[in-house]
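Encoded as structure tokens, the structure appears first; notes follow it.
In what follows, residues are counted from 1 in the order of the sequence shown.
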Amino acid sequence: GGGGDDGKRRALTITHGLPRYFSSADDRTRRRAWLLWPVSVERGLDVVIKNLAALHAATGFDPDFRLFVCHHATGYHGLTRLESADRRLVVTGMLPPHKLATMYRACSLFVFPSSVPEAFSLASWECMAHGVIPVAYGRGALASLADCGANLVRTGDEAGLVAKAAALLAAPVVMTAARRRLL
């Protein structure tokens, strides 16, 4: 059978939603030069990695600059292999909610050049709820995030995406103000 009462009895309900470890706009625990990647590696991470040097330069080559990938290094289906000798790239793997919330409170930007028309993007909302500023392509449901304070560029405008992210990384006062608007 494919549904009805039999399907409901066999269904597994998984509770999901924003972790309730919200952050304030207080930047004392926030690392200006830390980027966060809490989604699958297939959704544009290659663009961010390709532009790490430009993003790092925007921080004045802050030695603390890092990109934290809080997801499987092999993608959802093991089709991707994320490997890099670049010390700026830190792969944490999937984190339990309380540890992911710690990352949310520590990181500044979520640079998200997703090439798929996102239906909702829970990761973007989680980032915003914790003060991590999304810089993304305005495609699919991500387009609605502009009204909430996310920084969006035209889909495929990689240079524009990097320029917006770099401008925020280069201006801590502007980034703090943007974070307060998000929260």
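In this structure Asp46 satisfies the salt bridge (charged side-chain N to carboxylate O under 4.0 Å, His left out) test with no other residue, sequence neighbours excluded. With sequence neighbours excluded, the residues forming a ring-ring contact (aromatic ring centres under 6.0 Å, His included) with Phe110 are Trp37, Phe112, listed by chain and number. Asp64 is linked by a salt bridge (charged side-chain N to carboxylate O under 4.0 Å, His left out) to Arg31, counting only residues two or more places apart in sequence or in another chain.
Closest approach of Ala136 and Leu142 over heavy atoms only: CB-CD1, 4.3 Å. Listed here is the closest heavy atom pair of Met94 and His71: SD-CA, 3.6 Å. Between Asp62 and Thr59 the shortest heavy-atom distance is N-OG1, 3.1 Å. The two atoms that bring Pro134 and Ser124 nearest to each other are CG-O, 4.0 Å, heavy atoms only.
Here the side chains of His72 and Val41 are not in contact, with every heavy-atom distance at 4.5 Å or above. Here the side chains of Lys164 and Leu168 are not in contact, with every heavy-atom distance at 4.5 Å or above. Val132 places none of its side-chain heavy atoms less than 4.5 Å from the side chain of Ser108. By the 4.5 Å heavy-atom criterion applied to side chains, Phe68 and Pro38 are not counted as neighbours. The shortest side-chain heavy-atom distance between Val39 and Cys70 does not fall under the 4.5 Å cut-off. Looking at heavy atoms from C-beta onward, Arg154 lies out of side-chain contact with Tyr137 at the 4.5 angstrom threshold. Taking 4.5 Å as the limit, some side-chain heavy atom of Cys148 sits within range of a side-chain heavy atom of Met128. You'll find the side chain of Leu169 reaches within 4.5 Å of the side chain of Leu55, heavy atoms only.
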Go through it in stages, so that I can follow the logic: the residues are Leu109 and Leu36, the test is side chain to side chain contact (heavy atoms under 4.5 Å, CB included), and I'd like the CA-CA distance, side-chain angles, deciding distance and then a yes or no.
CA-CA 6 Å; Leu109 291 182; Leu36 183 65; over 6 Å; no
Please evaluate residues Glu126 and Tyr104 with respect to the criterion side chain to side chain contact (heavy atoms under 4.5 Å, CB included), reporting the C-alpha separation (whole Å), side-chain torsions for both, the decisive distance (0.1 Å), and the verdict.
CA-CA 8 Å; Glu126 286 180 347; Tyr104 283 132; 2.4 Å; yes
Would you please test Arg88 and His56 for side chain to side chain contact (heavy atoms under 4.5 Å, CB included) and show each step?
CA-CA 9 Å; Arg88 298 173 296 189; His56 191 186; 3.2 Å; yes
Run the numbers on Leu45 and Ile49 for side chain to side chain contact (heavy atoms under 4.5 Å, CB included), then give the verdict.
CA-CA 6 Å; Leu45 182 59; Ile49 292 171; 3.8 Å; yes
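Hydrophobic clustering of Ile, Leu, Val, Met, Phe, Trp and Tyr side chains at less than 4.5 Å, counting indirect connections, keeps Val116 apart from Val48. Linking Ile, Leu, Val, Met, Phe, Trp and Tyr whenever their side-chain heavy atoms come within less than 4.5 Å leaves Phe120 and Leu152 in two separate clusters. Residue Phe65 is grouped with residue Val91 when hydrophobic side chains (ILVMFWY) are merged at heavy-atom distances under 4.5 angstrom, including chains of intermediate members.
Note that CZ of Arg179 is 4.5 Å distant from CD1 of Ile133, once rounded to the nearest 0.5 Å. Separating the CG atom in Leu35 from the CG atom in Leu52 is a distance of 7.0 Å, to the nearest 0.5 Å. Note that CE of Met103 and SG of Cys127 are 10.5 Å apart. Values are rounded to the nearest 0.5 Å.
Using a distance-only test at 3.5 Å, with no hydrogens or angles considered, a donor-acceptor pair links the side chain of Arg30 to the main chain of Cys107. Asn51 contributes a side-chain N or O that, together with a main-chain N or O of Val47, makes up a donor-acceptor pair within less than 3.5 Å. Judged purely by atom type and a 3.5 angstrom limit, Arg139 uses its side chain to pair as donor or acceptor with the backbone of Ser115.
A donor atom on one side chain and an acceptor atom on the other are not found under 3.5 Å apart for His130 and Arg105.
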